Colleague: 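Questions regarding the structure given below will be posed in turn.
Worth saying up front: this structure is predicted, and the values here are computed from it rather than measured.
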Amino acid sequence: MIARNERCKEYVPDGGRCVTFHQCYRRAVRDGYCKQHHPEAVAERARKSDELYRKKWENDPISRLIRAKKEIERLRALIPPSVLAEYDSKSSEAE
């Protein structure tokens, strides 16, 4: 067993029904933290996770639909209001 002062200083949940915590059992390797709980390692894992999520979201059909709707709105804003009014009146007559 690793001495308490040599262990990682991060507190982790016990995993039972009650919410209790204990000190991580791994040996501290850098700045009092183990390899998993060192703040730089945590930040790197979060960055990779965010990047993966962003890639998945970019290819998601809903995301593509949202981007297409925004592009349509952007293009529609470029059309003069008189042309839009004329188009809307023609489309209502066709119905």
Colleague: Can you tell me how far the NE2 atom of H22 sits from the CD atom of E10, to the nearest 0.5 Å?
Modeller: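 H22 atom NE2 to E10 atom CD measures 10.5 Å (nearest 0.5 Å).
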Colleague: Counting only heavy atoms not in R67, do more than 12 sit closer than 6.0 Å to its CZ atom?
Modeller: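 Enclosed: over 12 neighbouring heavy atoms sit under 6.0 Å from CZ of R67.
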Colleague: For residues 74-82, please give each side-chain donor-acceptor pair under 3.5 Å, one per line with the distance, not counting sequence neighbours.
Modeller:
{"from": "R74", "atom 1": "NE", "to": "E71", "atom 2": "OE1", "distance (Å)": "3.2"}
{"from": "R74", "atom 1": "NH2", "to": "E71", "atom 2": "OE2", "distance (Å)": "2.7"}

Colleague: Answer yes or no: are there more than 12 heavy-atom neighbours, outside L52 itself, under 6.0 Å from its atom CG?
Modeller: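 Yes, because the 6.0 Å sphere around CG of L52 holds more than 12 heavy atoms from other groups.
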Colleague: CZ/R7 to CD1/I2 distance, rounded to the nearest 0.5 angstrom?
Modeller: 7.5 Å
Colleague: For atom NZ of K9, decide whether the heavy atoms of other residues, nucleotides or ligands shown that lie under 6.0 angstrom number more than 12.
Modeller: yes
Colleague: Could you please spell out the steps behind the side-chain contact (heavy atoms from CB on, under 4.5 Å) verdict for Q36 and R45?
Modeller: CA-CA 9 Å; Q36 177 181 353; R45 279 195 310 278; 3.9 Å; yes
Colleague: Is the shortest distance from a Lys or Arg side-chain nitrogen in E58 or R54 to a carboxylate oxygen in the other one below 4.0 Å?
Modeller: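 No, E58 and R54 are not salt-bridged.
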Colleague: Using a 6.0 Å cut-off, check whether atom CZ of F21 has over 12 heavy atoms from anything other than its own residue.
Modeller: yes
Colleague: What pairs of residues pass the salt bridge (charged side-chain N to carboxylate O under 4.0 Å, His left out) test when at least one of them lies in residues 11-23, not counting sequence neighbours?
Modeller: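 The answer is none; no pair qualifies.
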Colleague: side-chain contact (heavy atoms from CB on, under 4.5 Å), that's the test. Do K35 and R26 meet it? Break it down for me.
Modeller: CA-CA 9 Å; K35 186 173 141 181; R26 294 187 178 112; over 6 Å; no
Colleague: Evaluate R47 against E51 for salt bridge (charged side-chain N to carboxylate O under 4.0 Å, His left out), listing each step before the verdict.
Modeller: CA-CA 6 Å; R47 186 192 63 74; E51 185 178 316; 3.0 Å; yes
Colleague: Take H37 and V12 through the side-chain contact (heavy atoms from CB on, under 4.5 Å) test and state the conclusion after the steps.
Modeller: CA-CA 10 Å; H37 294 119; V12 295; 3.5 Å; yes
